[in-house]
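Working notes, structure below.
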Amino acid sequence: FFGAGGAGYSHADLAGVPLTGMNPLSPYLNVDPRYLVQDTDEFILPTGANKTRGRFELAFFTIGGCCMTGAAFGAMNGLRLGLKETQNMAWSKPRNVQILNMVTRQGALWANTLGSLALLYSAFGVIIEKTRGAEDDLNTIAAGTMTGMLYKCTGGLRGVARGGLTGLTLTSLYALYNNWEHMKGSLLQQSL
């Protein structure tokens, strides 16, 4: 009734069929696993499109994420500063308005700052990628260094150097974190 008398498959019939995590035949379903193997791509992509997002596509996420993160951080910092500055005042409308003004001002300041940094970083990253024709960690580190240098360029030569060093350090740490598993695997292979 439930396929008990159905055609059985021998192991010779299924030789060469990849059965990752599957028995040759399920005891509950009478299904030939050869029909379950997917050898085609899951998504339909336009001609010439990559399967991964490039820097330009990720730039929008980066800029928006940094603006939202800056707004949230700035709002929390504004709340802290507002409560600290108005601690001697009684709870009243003027105190609430002053705290709300501080939250709004700090949120906008941090969102603008981090959004501007993300815009510079993304623009430099896209330009470097298009110029070099390659996407690797060198682009990330160069974009971060150039972003720091340009962001602090009003502070004179010392400010440019300090900003560039900060950008270099942060993006180098990110690249190191991003490739940690790969580096750990290659060091393990060398020690064997």
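Quantities reported herein were computed from a predicted structural model and do not represent experimental measurements. Heavy-atom basis, side chains included; hydrogens, waters and symmetry copies ignored.
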Worked verdict on F73 versus T113 for side chain to side chain contact (heavy atoms under 4.5 Å, CB included): CA-CA 11 Å; F73 179 77; T113 301; over 6 Å; no

Expected output: side-chain N179 to main-chain A175 donor-acceptor under 3.5 Å: yes

Side chain to side chain donor-acceptor pair (under 3.5 Å) between N77 and Q106, intermediate numbers included: CA-CA 7 Å; N77 190 38; Q106 287 291 311; 3.1 Å; yes

Minimum-distance pair of heavy atoms, taken over all atoms of W110 and G70: CB-O, 3.1 Å

Joint hydrophobic cluster, L120 plus I63, side-chain heavy atoms closer than 4.5 Å: no

Rounded distance [0.5 Å steps], CD1 in I141 versus CE in M146: 14.0 Å

Member of L165, L170, T166, L168 meeting the side chain to side chain contact (heavy atoms under 4.5 Å, CB included) criterion with T145: L168

Point-to-point distance, once rounded to the nearest 0.5 Å, from CZ of F60 to CG of L119: 10.0 Å

For N112 against S116, the heavy-atom pair lying closest together: O-OG, 2.7 Å

Flag, side chain of R105 to backbone of G78, donor-acceptor distance under 3.5 Å: no

Under the salt bridge (charged side-chain N to carboxylate O under 4.0 Å, His left out) test, residues paired with R132 that sit two or more places apart: D136

For W91, the rest of its hydrophobic cluster, which grows through side-chain links under 4.5 angstrom: L79, L83, I99, V103

Whether T147 side chain and Y121 backbone form a donor-acceptor pair below 3.5 Å: yes

R162 side, atom CZ; M149 side, atom CE - distance, nearest 0.5 Å: 14.0 Å

Non-hydrogen atoms of I128 and A143 that approach each other most closely: CD1-N, 3.8 Å

M102, CE: over 12 other non-hydrogen atoms inside 6.0 angstrom: yes

Smallest separation among heavy atoms of G115 and C67, with atom names: CA-SG, 3.5 Å

Shortest non-hydrogen contact from T62 toward A118: O-CB, 3.9 Å

Separation between CD of Q87 and CZ of R95, rounded to the nearest 0.5 Å: 8.0 Å

Approximate separation, where rounding is to 0.5 Å, of L150 CG and L117 CG: 10.0 Å

Beyond-backbone contact of K152 with V160, side-chain heavy atoms, under 4.5 angstrom: no

Within 6.0 Å of CE in M89, more than 12 heavy atoms from elsewhere: yes

Inter-residue atom distance N178.CG - T140.OG1, 0.5 Å rounding: 8.0 Å

